[in-house]
Amino acid sequence: MADNYGNKQKHESGNPIQRALIGRFKAAALEIVDGLRPASILEVGCGEGYMLDALSQGGVKASLHGVDISEPAITDARARLGDRAMLEQRDARELADDGRQFDLVMMLEVLEHIPDPSQMLPILERLTRGHLLLSVPWEPMFRGLNMMRGKHVGAWGNDPEHVNHWGRRGFKRFVEQRFTILSAPLVAPWTMVLAQRRDP
């Protein structure tokens, strides 16, 4: 994940509203995963392992894998998850080049950090043998909520590490370039999309 300090701060916030929103986000992802029952899950940009930990604690029986380019984040994730997940400090493109595939690939709160997000779609397509779960901030709601709590006011609520901004419709169009969207549950202030790989 591009901004691991911000990610850690978000998941460990003492703010009850933020904790409730993060709880809803995790619950929505867990419900989707429960419905799919994948045998293997890869989280691209897993950061400190908060989402993989939520899946594990939520009773998901899949083989859990996480990859992140940040060494400190992977160190934290290993401390959090122990032997419940296989974690690698590595670029996801290398995994795709190795021919590795997983039933479900997740990339949550990462695409907004990548200067050219379209480059990730074919990589994710190669990594999944079935499903893809993605999320990004739902704009302009996300920035509006930042403004309301006095965060990044000088930048009109925009997190400085966010280089891409999508509304729900725009993000769905982005994903549909290479995947078929199955559902897009309302998990404000984020857009979450479950998609399926198209057969060649």
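Worth knowing before you read on, the calculation uses all heavy atoms, side chains too, and leaves out hydrogens, waters and symmetry mates.
Between Glu48 and Thr75, the closest side-chain pair of non-hydrogen atoms is not below 4.5 Å. Two residues are said to be in side-chain contact when any heavy atoms from C-beta on lie closer than 4.5 Å; Pro117 and Phe174 meet this criterion. The side-chain heavy atoms of Val175 and Leu134, taken from C-beta on, include a pair separated by under 4.5 Å. Phe171 has its side chain within reach of Val193: a pair of non-hydrogen atoms, C-beta onward, lies under 4.5 Å apart. Considering only heavy atoms from C-beta on, Leu64 stays 4.5 Å or farther from Met86 through its side chain. Counting heavy atoms from C-beta on, the side chains of His131 and Ile41 never come closer than 4.5 Å. At a threshold of 4.5 Å between non-hydrogen side-chain atoms, the residues Met120 and Leu111 count as touching. Side-chain contact between Arg126 and Arg197 is absent, with no heavy-atom pair separated by less than 4.5 Å.
Across Arg84, Arg80, Lys26, a single residue satisfies side-chain hydrogen bond (donor to acceptor under 3.5 Å, both in side chains) together with Asp53, and that is Arg84.
To the nearest 0.5 Å, atom CH2 of residue Trp190 and atom CZ of residue Phe25 are 6.5 Å apart. Remark: Leu104 CG to Leu55 CG distance equals 8.5 Å, nearest 0.5 Å. Atoms CZ and CG, on Arg129 and Asp103 in that order, are 5.0 Å from each other to the nearest 0.5 Å. Leu81 contributes atom CG, which lies 8.0 Å from atom SG of Cys46 (distance to the nearest 0.5 angstrom). Considering CD of Gln89 and CD1 of Ile69, their distance stands at 8.5 Å, rounded to 0.5 Å. The structure places CG of Leu124 at 11.0 Å from CG of Leu133, a figure rounded to the nearest 0.5 Å.
Here Arg168 pairs with nothing under the side chain to side chain donor-acceptor pair (under 3.5 Å) rule; sequence neighbours left out. Listed by chain and residue number, His65 satisfy the side chain to side chain donor-acceptor pair (under 3.5 Å) test with Ser63 (two or more places apart in sequence, or in another chain). For Gln119, the side chain to side chain donor-acceptor pair (under 3.5 Å) partners are Arg93, not counting sequence neighbours. Under the rule for a salt bridge (charged side-chain N to carboxylate O under 4.0 Å, His left out), the partners of Arg100 that lie at least two apart in sequence or sit in another chain are Glu88.
In terms of modelled atom types and a separation under 3.5 Å, the side chain of Thr128 and the main chain of Gly130 share a donor-acceptor contact. Counting only distance, with no hydrogens or angles, the side chain of Ser135 and the backbone of Glu109 share a donor-acceptor pair below 3.5 Å.
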Kindly determine whether Glu43 and Leu108 satisfy side chain to side chain contact (heavy atoms under 4.5 Å, CB included), including the steps that lead there. CA-CA 8 Å; Glu43 184 176 9; Leu108 307 173; 4.2 Å; yes
Could you walk me through whether Leu87 and Leu52 satisfy the side chain to side chain contact (heavy atoms under 4.5 Å, CB included) test, starting with their C-alpha distance in whole Å, then the side-chain angles of each, then the deciding distance to 0.1 Å, before giving a yes or no? CA-CA 10 Å; Leu87 302 163; Leu52 291 172; 3.9 Å; yes
Where do Gln196 and Thr180 land on the side chain to side chain donor-acceptor pair (under 3.5 Å) test, with the steps shown first? CA-CA 5 Å; Gln196 188 169 38; Thr180 299; over 6 Å; no
Going through the distances and angles, do Val67 and Leu42 end up as a side chain to side chain contact (heavy atoms under 4.5 Å, CB included)? CA-CA 8 Å; Val67 62; Leu42 169 69; 4.0 Å; yes
Assess whether side chain to side chain contact (heavy atoms under 4.5 Å, CB included) is satisfied between Val60 and Leu30, documenting all intermediate values. CA-CA 8 Å; Val60 171; Leu30 181 59; 3.5 Å; yes
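Among pairs with a residue in residues 169-184, those fulfilling salt bridge (Lys or Arg N to Asp or Glu O under 4.0 Å) read Glu125-Arg178, at least two apart in sequence or across chains. For residues 29-38, no pair satisfies side chain to side chain donor-acceptor pair (under 3.5 Å), with sequence neighbours left out.
Between Pro185 and Ser183, the shortest heavy-atom distance links the atoms CD-C, 3.8 Å. Between Ala77 and Gly47, the closest heavy-atom pair is CB-O, 3.7 Å. Counting all heavy atoms, side chain and backbone alike, Ala62 lies closest to Pro38 at CB-O, 3.1 Å.
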